[in-house]
Each structure stands twice: as C-alpha cells, then as structure tokens.
Amino acid sequence: MNTPIKLTFLILCIALTATAFVVPAKRADVTPEHDKTVAGICSVVEDKNLCSITLKTVPSNDPAFLVRYLATAAESSVKKGLNFLSEIKPKYKGNAFATNCITGCEKQLNSALEDFADFWKAAGKNITSMADNYFTCKKKMNSIFTYHSTCLDDIYDKTLLKEVQGGIGLGKRMSGESVDVFAGMDKVFNTLNIKTKLNQQDTDSLLPPPLSFYYH
C-alpha cells in the first residue's frame, strides 16, 4: 500500500476501534460545548485528526471522561495487539528468533496492561483525582508507550517487524495520543478554563502494587 492508502486505512481502524466500546452520540449530544472540549484536548496532540475521530462521537462534555476515553481506546488496542501476537506465534514455531521476539513483545504489552491498571487507580473518575495524581498518570502513560517502542526496537528482521508493527501499531499510536495529552495538560486546562492545579509530585508510592508483585 502506498502512504496515502496506509494513512486512510489506519484512520479507519482507529475509528472502528473507538466506536467499539461506546454508544455513538445522538446528534443532540454533539453540542458546541462538546466540540470545544474535544478541540481543547486535541489541540495538544500531534495527530489532531486521529484524536478528533476518536472523541467526536463520545456523548460527554466532561474533559476527564474524554481524556479517560482516549486511554480506554489505547488499552483496548493493546489487548487486541496481544491477541494478534498470540495468533501469529504458532506459525513461527520453528524460528527461534521470531518466537523470542514475539514472546518479548507479549511480555512488554502485558507490562503495559499492568501500568494501565495503575493508571486507572491514579486517574480516578474526575478532574480533581486526575489532577491530584497528574505526574503519576503522565509517568504511567509514558511507560505504556515505551513498552511498544521497546518491543519493536528489538526486532531487526524487516519482514517480522512489518508484521508485528501492523498488529500492535494501533496500541502504540493510541497510547501516543494520551502521552501528548498529559504532556500538554497545562495548556488543555488553560484552554478549557479549568482552575484545578496539576500535582507535579509522584504519588505512585500511594498506589497498591500490581498483582504480579505478590507472585514473585
């Protein structure tokens, strides 16, 4: 596929992913206030078009809900990426390098899901809890994005890399959207006139450890 076709296909995939876990908004729900909130959030994202596609039909004007929705889209994509890796693994049974790469990627994405669990605990349900744990939320989302990069960076076989990238690339792209949002959260708050102060201190130590902690 040439580049324009690839981009069109990616946008379509993200649109389908976004609609998979939310009821489409009624026309009455897509208000000027909703459009303003979506525009404020997407203003700090590198790919504003993808951000807008993901959020434009979400039936809420609540900034916290919309930011959480972006993260939900990312988490859903990570889970789909893990399913993809599980599906392709058997065909590489006799290829030690490919099997090791795929197993490594599975470990990376499972670690990403553990960080998502911590992210949800920190983010809470509203702007106040998200702001109180802002630094931790940002740190967890950066970590989730990095897991994808680490997985792909370890694959030097171009054919395998292309296949794995095609299966987990959406998770990386969607987590990158959330990374951008948290990196630019000050601007988002200013744009939407949200006065809550963002806590720049790490509150991670206040969160309970992941389940895997108890099984080492």
Side-chain angles (χ1 to χ4, degrees), residues 1-22 24 38 41-42 44-58 66-120 140-183:
M1 283 189 281
N2 59 35
T3 300
I5 293 176
K6 283 183 179 178
L7 181 57
T8 301
F9 179 73
L10 178 60
I11 291 173
L12 176 61
C13 287
I14 290 176
L16 292 173
T17 299
T19 57
F21 44 87
V22 72
V38 170
I41 293 170
C42 293
V44 299
V45 173
E46 183 177 352
D47 196 331
K48 296 174 177 57
N49 189 38
L50 296 181
C51 179
S52 177
I53 286 172
T54 306
L55 297 180
K56 69 180 181 180
T57 60
V58 181
L66 293 170
V67 171
R68 284 173 57 87
Y69 185 84
L70 273 180
T72 301
E75 185 179 36
S76 176
S77 299
V78 171
K79 291 177 180 178
K80 289 178 180 179
L82 273 169
N83 289 337
F84 168 81
L85 293 174
S86 178
E87 289 170 1
I88 68 168
K89 198 172 184 178
K91 78 177 184 179
Y92 290 105
K93 189 175 181 180
N95 185 327
F97 171 75
T99 299
N100 287 337
C101 286
I102 294 170
T103 300
C105 285
E106 287 175 328
K107 290 179 179 178
Q108 295 290 339
L109 295 192
N110 276 311
S111 294
L113 290 181
E114 280 203 348
D115 272 3
F116 265 117
D118 284 345
F119 170 83
W120 296 123
K140 292 297 179 182
M141 200 53 67
N142 282 329
S143 179
I144 289 163
F145 180 80
T146 301
Y147 285 128
H148 287 80
S149 299
T150 301
C151 157
L152 296 172
D153 289 346
D154 287 343
I155 305 175
Y156 59 77
D157 180 274
K158 291 183 179 180
T159 301
L160 179 61
L161 176 61
K162 183 177 181 180
E163 183 173 16
V164 173
Q165 197 165 26
I168 74 167
L170 185 57
K172 181 179 180 181
R173 194 73 174 272
M174 293 305 300
S175 58
E177 297 275 281
S178 289
V179 167
D180 287 348
V181 169
F182 277 95

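Numbering starts at 1 and runs along the sequence shown. What you see below is based on every heavy atom in this structure, not just the backbone, and it leaves out hydrogens, waters and symmetry mates.
- Under the 4.5 Å side-chain criterion, counting only non-hydrogen atoms from C-beta, T99 is not in contact with K93.
- Looking at S52, its side chain never comes within 3.5 Å of a backbone N or O of K48 through a donor-acceptor pair.
- K80 is not listed as a side-chain neighbour of L170, based on a closest heavy-atom distance of 4.5 Å or more.
- Heavy atoms only, all atoms of each residue included: F97 and I155 are closest at CZ-CA, 4.5 Å.
- If you take NZ on K140 and CD on E114, they are separated by 9.0 Å, rounding to the nearest 0.5 Å.
- For S86 (side chain) and L82 (main-chain N/O), no donor-acceptor pair under 3.5 Å exists by modelled atom type.
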Run the side chain to side chain contact (heavy atoms under 4.5 Å, CB included) check on T103 and K89 step by step: do they pass?
CA-CA 8 Å; T103 300; K89 198 172 184 178; 3.0 Å; yes

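- For L109 against I168, the heavy-atom pair with the smallest separation is CD1-CG2, 3.9 Å.
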Determine whether I144 and S178 satisfy the following criterion, side chain to side chain contact (heavy atoms under 4.5 Å, CB included), listing intermediate values before the conclusion.
CA-CA 10 Å; I144 289 163; S178 289; over 6 Å; no

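- The CZ atom of R68 sits 11.5 Å away from the CG atom of L66 when rounded to the nearest 0.5 Å.
- The two residues W120 and E75 make their nearest non-hydrogen contact at NE1-OE1, 3.0 Å.
- Using the six-membered ring where Trp is involved, F119 and F116 have ring planes that are perpendicular, over 60° apart on the 30 and 60° scheme.
- For the atom pair CG (L55) and CD (E177), the distance works out to 8.5 Å, reported to the nearest 0.5 Å.
- At a cut-off of 3.5 Å, with distance as the only test, a side-chain donor of E163 or Y92 sits close to an acceptor on the other residue.
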Please evaluate residues M141 and V181 with respect to the criterion side chain to side chain contact (heavy atoms under 4.5 Å, CB included), reporting the C-alpha separation (whole Å), side-chain torsions for both, the decisive distance (0.1 Å), and the verdict.
CA-CA 10 Å; M141 200 53 67; V181 169; over 6 Å; no

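- In this structure, CD1 in I102 is found 5.5 Å from CG in L160, a value given to the nearest 0.5 Å.
- A pairwise comparison of heavy atoms in M174 and T54 identifies CE-OG1, 3.7 Å as the closest pair.
- Between K172 atom NZ and S149 atom OG the span is 3.5 Å, to the nearest 0.5 Å.
- Contact record, Y147 with S111: CZ-CB, 3.5 Å, taken as the closest heavy-atom pair.
- Going from atom CG of D180 over to atom OG of S175 covers 10.0 Å, rounded to the nearest 0.5 Å.
- The two residues I88 and V164 come nearest to each other via the heavy atoms CD1-CG2, 4.3 Å.
- Residue K79 places its NZ atom among 12 or fewer non-hydrogen atoms of other residues, nucleotides or ligands, all under 6.0 Å distant.
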